[in-house]
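Reminder, nothing fancy here: chain letters follow the sequence lines and each chain counts from 1. Remember, it's a predicted structure, so these values are computed and weren't measured experimentally.
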Protein chains: 2
Amino acid sequence: MEAQIDEILRKNQLSVTGSRKRILELFLASNGALAHGDIEKKTGEKFDRVTVYRTLQTFLEKGIIHTIPTPDNSVLYALCKDNCTEGHHHDNHVHFICRECGKTICLADITIPEVKLPGGFLPHEYQMIVTGLCKECR
Amino acid sequence: MEAQIDEILRKNQLSVTGSRKRILELFLASNGALAHGDIEKKTGEKFDRVTVYRTLQTFLEKGIIHTIPTPDNSVLYALCKDNCTEGHHHDNHVHFICRECGKTICLADITIPEVKLPGGFLPHEYQMIVTGLCKECR
DNA sequence: CAAACGCATGCAACTTTGTTGCAAAATGAT
DNA sequence: ATCATTTTGCAACAAAGTTGCATGCGTTTG
């Protein structure tokens, strides 16, 4: 894992620092999405709030992670797949949020179906969120 | 419109008060979605911030409005269709958010296409957001 | 239509969340 | 090891959202 983390950072021309390693580690460990609060709690002892904000911001810009809008308007972040590049994301898969345990899962295999928009609308990015119960909670 | 507003409130067993009337009026006038900030600005003189929060909260609980998650994680609210009831919403239409003017439009005619979820997941609610350029801004 | 009850509002204080500027420390290149 | 650059932590601040309580308004009842 250590090596994987280093590679991700190097590939994105980011210096390898403690907070970046730790936060990436968290993302790799949980194969779901993390709220800012989650990250802050798990790193709170070691890193400043501000550092967490800035690290996430950096990862977003580099396309390492992406945000997931949720119905209750909390902020969630998740790792992007390899083919995400700076500026343009290719994470158009469906996100599932469990009502019970609150966990957010990237359904990487499920691509968002096409929809026909009324004339005049020029679509750019699609997001789809499904809420319900996950395997464990049903 | 006055009558329509009264009816909505009565139907939901809510007392007819100034702030509720005004906020409903705003929703009816803009046939898109409103951010909390929008509402606060347009009513700021007359009502307290706290009242706006509580009014929106009440409307949410009664199923008069629903929230729309946006890619930049701001909070948007929009009127529900008539058949929304307390607890269970039926607003599964697509929402379009314009990158340019920021306006959010309910594409009430476009229903969210079905997706097959991996085994074990029990879906409850679907949300779909498309960002891009609207008719005016393209 | 008046009185009384209960709910909604405004205010103040507070918590949480996110941002900015700057000095100190850590990182990577030489 | 040294130096330039980037990252971090701190402090202070700004914005967003919450809570408790006293007052006032809307609704109901007689």
Could you check how far [atom1] of [X] sits from [atom2] of [N], rounded to whole Å?
X     : N      : atom1 : atom2 : value
A:L56 : C:dT17 : CG    : P     : 14 Å
B:R20 : D:dC25 : CZ    : P     : 15 Å
A:D6  : C:dT27 : CG    : P     : 12 Å
A:L60 : C:dG18 : CG    : C1'   : 14 Å
B:L14 : D:dT28 : CG    : P     : 12 Å
B:D48 : D:dG20 : CG    : C1'   : 14 Å
A:N12 : C:dG28 : CG    : P     : 14 Å
B:Q57 : C:dA8  : CD    : C1'   : 15 Å

Taking only the side-chain nitrogens and oxygens of [X], find out if one of them lies under 4.0 Å from OP1 or OP2 of [N].
X     : N      : answer
A:S15 : D:dT6  : no
B:T58 : C:dA8  : no
A:T17 : C:dA26 : no

First of A:E40 and B:K46 reached from the 5' end of DNA chain C, by closest nucleotide: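 Result of the comparison: B:K46.
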
Pair of N/O donor and acceptor under 3.5 Å linking [N] base with [X] side chain:
X     : N      : result
A:R10 : C:dG28 : no
A:R49 : C:dG18 : yes
A:R54 : D:dG9  : yes

If I take atom [atom1] from residue [X] and atom [atom2] from residue [Y], how far apart are they, to the nearest 0.5 angstrom?
X      : Y      : atom1 : atom2 : result
B:M128 : B:L107 : CE    : CG    : 10.0 Å
B:Y77  : B:L26  : OH    : CG    : 14.0 Å
A:R20  : A:I5   : CZ    : CD1   : 13.5 Å
B:E40  : B:D48  : CD    : CG    : 8.5 Å

For the side chain of [X], starting at C-beta, report the closest nucleotide among [options].
X     : options               : result
A:V75 : C:dG28, C:dT9, C:dG18 : C:dG18
A:Y53 : D:dT7, C:dT19, C:dG10 : C:dT19
A:T55 : D:dA11, D:dT18, D:dT8 : D:dT8
A:V50 : C:dG18, D:dT7, D:dA11 : D:dA11
B:H36 : D:dG17, C:dG28, C:dT9 : D:dG17

Contacting residues from residues 22-30 of chain A, given that a heavy atom lies under 4.0 angstrom of DNA chain C: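 Those residues: none at all.
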
Joint cluster assignment, A:I64 & A:L34, ILVMFWY side-chain distance < 4.5 Å: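 Same cluster: A:I64 reaches A:L34 through Ile, Leu, Val, Met, Phe, Trp or Tyr contacts under 4.5 Å.
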
Co-members of B:L133 in a cluster of I, L, V, M, F, W and Y side chains, linked at under 4.5 Å: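 Answer for B:L133: A:L122.
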
Side chains of A:T55 and A:R22, donor plus acceptor under 3.5 Å: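 No - no donor-acceptor pair under 3.5 Å links their side chains.
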
Main-chain N/O of A:L14 paired with A:N12 side-chain donor or acceptor, under 3.5 Å: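 Not a single qualifying donor-acceptor pair exists.
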
Residue whose nearest DNA chain D nucleotide is more 5′ - A:T51 or B:V16: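 First, find each residue's nearest nucleotide; the 5'-ward one identifies A:T51.
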
